[in-house]
Amino acid sequence: MSGIYLHIPFCKKACHYCNFHFSTSLKLKHELIDALCREIGLRADYLGERTLSSIYFGGGTPSILDKTDLEHIWDALHKHFAWDKDIEITLEANPDDLNYNKVKMLRDMGINRLSIGVQSFFDTDLQWMNRAHNEKEAVTAILNAQEAGITNLTIDLIYGSPYTTHSMWQKNIFKAMDMGIQHISAYCLTVEERTALHHMIKKGSFKPLNSESATEQFTYLMDTLTGNGYEHYEISNFAKPGFRAVHNTNYWQGVKYLGIGPAAHSYNGSSRSWNIANNKKYTDAITNGKLPQETEIITPAMKYNEYIMTGLRTVWGVETAYISNLGQSFLDDFLTNIEKHLISGDVMHHNNQYYLSRSGKYFADRIAMDLFWVEE
Ligand SMILES: C[S@@+](CC[C@H](N)C(=O)[O-])C[C@H]1O[C@@H](n2cnc3c(N)ncnc32)[C@H](O)[C@@H]1O
Ligand code: SF4
């Protein structure tokens with residue numbers, strides 16, 4: 001079974017670190033939601049099946065959607081797809097949008113998993129990030145979600161900034177655990193091109209990042225969460241038993257998905273496509289019955305590299321049976337290149353499954369790149 005991702009490309013404020021696709025003008029919201037609904041119809045055959053196991057509203061800021069918007073999207077999704085009885089429906093939400101009535105409405109509409117972008121429980125962090133919320137709103141949003149009956153809550157946290165001290169980071173983790181959060185996504189701050197953060201570091205008004213300090217915070221994160229009953233099932237993701245994300249796990253395991261909306265990506269097993277990252281151009285094209293997207297065919301080498309990159313970051317690791325299905329030469333190459341990582345202890349294996357050891361988790365990307373297939 002497969003999933004649908006819907007990209008909601010609007011935000012109240014531009015966070016200084018973020019280069020996801022969004023606009024801070026809501027002018028096109030209604031036209032864009034109409035276009036999302038039309039795209040669902042235009043691409044309903046993309047997955048080759050019509051039963052959904054997950055729906056994921058990502059952004060941007062999906063919590064700007066009101067009841068009418070969601071009803072409109074629901075109509076389109078129900079018209080074209082059957083929903084599995086255990087379907088996971090996640091919506092990314094910013095804390096300042098989550099008053100009690102809003103969460104209740106979301107829950108009543110069938111959203112059964114909320115992903116709240118807390119980032120930090122410290123106002124000083126939230127200020128340099130240029131977030132639209134403060135610490136008090138983050139706590140209130142979580143309490144509102146719990147009171148409204150959302151039993152599957154995940155929050156995003158960011159570590160590795162030179163302004164987030166170790167003591168602050170420790171308190172962030174404990175606050176999340178104390179509040180009974182079932183799932184935590186913790187991302188190491190990255191400096192993306194074309195962001196205010198990038199600009200500020202270049203002109204010296206933001207301290208440069210310190211990788212040693214980020215590594216220390218990652219160590220504390222892993223040790224504390226795994227020591228308190230969370231499974232570290234993907235480099236940035238931790239879940240209490242039974243609360244792993246269905247939708248994201250499907251991505252990591254190579255399951256097909258359909259991405260709707262500007263900048264959304266889709267994968268059908270043999271090709272990948274991505275929609276134009278421009279709200280106006282996207283809306284105009286869809287309104288004229290055209291799909292504003294580019295497509296690339298996935299070659300076995302691309303599939304191998306993607307499998308290594310995503311698989312190694314997960315608790316399932318990578319399996320030789322999958323690799324040999326792509327071609328014997330990939331398996332030969334893999335078995336040769338993996339040897340030094342087994343000797344160093346950064347990779348371990350159990351029968352035909354290879355996964356990162358604790359020490360290897362610090363170098364996931366470097367190890368993956370070393371294993372990549374490079375065309376002659
Ligand atoms: C695209 S955002 C959408 C969620 C929602 N709009 C919000 O911000 O609360 C998903 C998450 O990616 C993370 N993120 C985005 N840019 C990042 C960066 N440069 N470094 C680390 N984490 C980042 C943040 O934790 C954010 O919550
Ligand atoms: S982090 Fe979230 S709220 Fe901030 S700009 Fe990015 S998508 Fe928007």
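Counting starts at 1 for both ligands and their atoms, following the listed order.
Side-chain atoms of T249 and Y233 include no donor-acceptor pair closer than 3.5 Å. A side-chain N or O of S357 and one of S359 form a donor-acceptor pair less than 3.5 Å apart. Side-chain N/O atoms of S120 and R131 include no donor and acceptor closer than 3.5 Å.
When atom types are taken as modelled, the side chain of Q217 and the backbone of T164 share a donor-acceptor pair closer than 3.5 angstrom. No donor-acceptor pair closer than 3.5 Å links the side chain of E306 to the backbone N or O of K303. Counting only distance, with no hydrogens or angles, the side chain of Y307 and the backbone of E319 share a donor-acceptor pair below 3.5 Å. Listed for the D333 side chain is no donor-acceptor partner under 3.5 Å among the backbone atoms of S329.
In E212, the CD atom is not crowded: 12 or fewer heavy atoms of neighbouring residues, nucleotides or ligands sit closer than 6.0 Å.
Of the N or O atoms in Y17, one or more lie within a sub-3.5 Å distance of an N or O in ligand 1. By the 3.5 Å distance cut-off applied to N or O atoms, I116 is not counted among the residues near ligand 1.
Of the protein's non-hydrogen atoms, T190 N, 3.1 Å is the one closest to atom 20 (N) of ligand 1. Shortest contact from atom 7 (S) of ligand 2 to any protein heavy atom: G60 N, 3.3 Å. When hydrogens are left out, the protein atom nearest atom 6 (N) of ligand 1 is G60 O, 2.6 Å; that is the closest non-hydrogen contact. Nearest protein heavy-atom neighbour of atom 5 (C) of ligand 1: N94 OD1, 3.1 Å. Protein heavy atom at the shortest distance from atom 13 (C) of ligand 1 is Y187 CD1, 3.7 Å. Nearest protein heavy-atom contact of atom 3 (C) of ligand 1 is E92 OE1, 3.0 Å. In terms of protein heavy-atom proximity, atom 8 (O) of ligand 1 is closest to R131 NH1, 2.8 Å. In this structure, atom 10 (C) of ligand 1 lies nearest to the protein heavy atom D156 OD2, 3.8 Å.
Taking a cut-off of under 4.0 Å to the non-hydrogen atoms of L189, the atoms of ligand 1 that pass are 20 (N), 21 (C). Interface atoms of ligand 1 facing F20, defined by a heavy-atom separation under 4.0 Å, are 1 (C), 15 (C), 16 (N). Atoms of ligand 2 lying under 4.0 Å from at least one heavy atom of Y17, given by number and element, are 1 (S). Ligand-side atoms of ligand 1 in range of G59: 1 (C), 3 (C), range being under 4.0 angstrom from any heavy atom.
Ligand 1 lies within reach of C188, whose nearest heavy atom is under 4.0 Å from it.
Residue contacts with ligand 1 for I158 involve side-chain atoms from C-beta outward but no N, CA, C or O (heavy atoms, distance under 4.0 Å).
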**Request:** Show your reasoning for whether ring-ring contact (aromatic ring centres under 6.0 Å, His included) applies to F243 and H183.
**Result:** CA-CA 7 Å; F243 287 96; H183 184 285; 8.9 Å; no
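At a threshold of 4.0 Å, the pair D370-K340 counts as salt-bridged, since one of the basic side-chain nitrogens sits closer than that to a carboxylate oxygen. D108 has a carboxylate O that lies under 4.0 Å from a charged side-chain N of K104, or vice versa, which qualifies the two as a salt bridge.
Across H7, Q119, H198, heavy-atom proximity to atom 25 (O) of ligand 1 is greatest for Q119.
Tested against Y304 for a side-chain contact (heavy atoms from CB on, under 4.5 Å), the candidates Y322, F372, F330 yield a single pass: F330.
Taking the centre of each ring, Y220 and W169 stay at or above the 6.0 Å mark.
Neighbours of atom 4 (Fe) of ligand 2 restricted to protein N, O or S atoms under 2.8 Å: the count is 1.
In this structure, M222 is not a member of the same hydrophobic cluster as Y187, with clusters built from ILVMFWY side-chain heavy atoms closer than 4.5 Å.
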